[in-house]
2 protein chains.
Amino acid sequence: MNTVQIKPTPEPTLRRLPLYHQVLIQLKERGVKEVSSTTIANELKLDSVQVRKDIEHVQIVGKPRIGFNIDELILAIEKYLNWDNLTEAFLVGSGHLGFALAGYKNFAKYGLNIIAAFDNDPEKIGTTVHGIPVLDPLKIPDLARRMHIHIGVLAVPAEAAQENADLLIEGGIKGIWNFAPTQIKAPFGIVVENAQLTASLSFLKRKLTEQH
Amino acid sequence: MNTVQIKPTPEPTLRRLPLYHQVLIQLKERGVKEVSSTTIANELKLDSVQVRKDIEHVQIVGKPRIGFNIDELILAIEKYLNWDNLTEAFLVGSGHLGFALAGYKNFAKYGLNIIAAFDNDPEKIGTTVHGIPVLDPLKIPDLARRMHIHIGVLAVPAEAAQENADLLIEGGIKGIWNFAPTQIKAPFGIVVENAQLTASLSFLKRKLTEQH
DNA sequence: TAGATTGTTAATCGATTAACAATC
DNA sequence: TAGATTGTTAATCGATTAACAATC
């Protein structure tokens, strides 16, 4: 066994931690120095015990009666979610969504740095989007391997998703952030996270049906 | 009690149904007419009993030995997720992301029709994005109410999220699809669905840390 | 000290998985 | 008919919630 085994964090916890971070940033801007689990819980309409259990995972201890040091907690969450570790990524697809993603400066905060974009439109190859060069997708495998790229952001139409995912996988990519509204197949060990805009929208529409 | 009470669908089911739909569309394109829960489950690396349980919610019955009629199932999911019911929506924020969302023709498939955009940049007011007029955000409450708009899509920077959400709420909106990387406060009864791009990215990065 | 909040242990809840009879 | 698949009931698992002692 040569890889370090880390106890996997429950998925719900992992999805809540970024929310805590958002709340903490808001509180910090208001000058708050120490924050209790109750405060965070109230902001998000969650249970305070749940918040404390989640915080346990990031290895931060609080002080009875006072709560958690807000700076310490913010940094610990950032470290835990790996935001302090800037990862270089390839963007595949430079259509509307790809263009928006390339221009989204915030990603740097979350440790993602898009260093190249790929598009099979010959008119786009050789140009740049938001200062990022647009290259031929056929170059993905070779470039990804030589540059040790670990994340690919997939923002192509559904029909083109699998073939471009395959190019990324061929290049030794470890994780794919999939914005295409389709399921892609990847070998075991490759992490595929679906951004799932349409699932999110469906969820909203169904909730509205159930309530009104 | 004057509102129809519908048994709420478990959230995990609601998040999986759009995935089933994607798989079914792919299978249908390959000419498949009848599909078993096992087939769907294998495509998504899920359990077939779970798939059957989820399908129960959409009120479709299958045939032992054969499975489910693919067209019937696709339509039932679309109906259940309310995709067949085109809802008009306002888009707030016409920056990079807003621009991409306005141009994302696929949303119509999922029953969302963006009919107006709002931006507080005076240079943008009066122009159009992808054929959609850009208006002054101050007009949101009045217009939303008069046009009976039920969904607001929030694609503004974090700092501007709450104030624009408030305008939508003032206009009687029922649901907010929030793309801003911040939590917004809304009164009870208003559904807020966070698109949570950053949460999705964090999730991917953490998974990579845990595996490698 | 008194009281608010943490951290932990136990109880509950709900979703997933297993087992299996019904059915085409 | 035999066998694959559904639909259902029961068992398991894991996450949430409740209870409470420890602590500053």
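The sequence lines fix the lettering, A, B, ..., with proteins before strands; numbering per chain opens at 1.
Positionally, the nearest nucleotide of DNA chain D for Ile60(B) lies more toward the 5' end than for the other of Ile60(B) and Lys53(A).
Among the heavy atoms of the strands, none lies under 4.0 Å from Ser48(A). Looking at heavy-atom distances under 4.0 Å, Thr13(B) makes no contact with the nucleic acid at all.
Across the protein-nucleic acid pair, Arg52(A) atom CZ and dT5(C) atom P stand 10 Å apart, rounded to whole Å. Between Ile40(B) atom CD1 and dT6(D) atom C1' there is a gap of 13 Å when expressed in whole angstrom units. In this structure, Phe68(B) places its CZ atom 12 Å from P of dT5(D), rounding to the nearest Å. Note: CG (Asp54(A)) to C1' (dT6(C)) measures 15 Å, nearest angstrom. Between Ile66(A) atom CD1 and dA4(C) atom C1' the separation is 10 Å, expressed in whole Å. If you measure from atom CG of Asn69(A) to atom C1' of dT6(C), you get 15 Å, rounded to the nearest angstrom. Going from atom CD of Gln50(A) over to atom P of dT8(C) covers 17 Å, rounded to whole Å. Protein atom CD of Glu11(A) is 11 Å distant from nucleotide atom P of dT16(C), rounded to whole Å.
In this structure, the nucleotide among dC24(C), dT6(C), dG3(C) sitting nearest to the side chain of Arg65(A) is dG3(C). Relative to the side chain of Glu56(A), the nucleotides dT5(D), dA15(D), dG7(C) differ in distance, and dG7(C) lies closest. Closest to the side chain of Val49(A), from the set dA18(D), dA2(C), dA4(D), is dA18(D).
The partner of dT16(C), taking Watson-Crick or G-U wobble pairs whose two distances both stay under 3.5 Å, is dA11(D). Within the shown strands, dC24(C) is the pairing partner of dG3(D) under the Watson-Crick or G-U definition, both distances less than 3.5 Å.
Between Arg16(A) and the phosphate of dT16(D), there is a side-chain N or O to OP1/OP2 separation shorter than 4.0 Å.
Counting heavy atoms from C-beta on, the side chains of Lys205(A) and Leu201(A) come closer than 4.5 Å.
Taking a cutoff of 4.0 Å between a charged side-chain nitrogen and a carboxylate oxygen, Lys63(A) and Glu34(A) do not qualify as a salt bridge. Glu11(B) has a carboxylate O that lies under 4.0 Å from a charged side-chain N of Arg15(B), or vice versa, which qualifies the two as a salt bridge. Under a 4.0 Å N-O distance rule, the pair Arg206(A)/Glu78(B) does not qualify as a salt bridge.
In this structure, Trp83(A) has its ring center no closer than 6.0 Å to that of Phe107(A).
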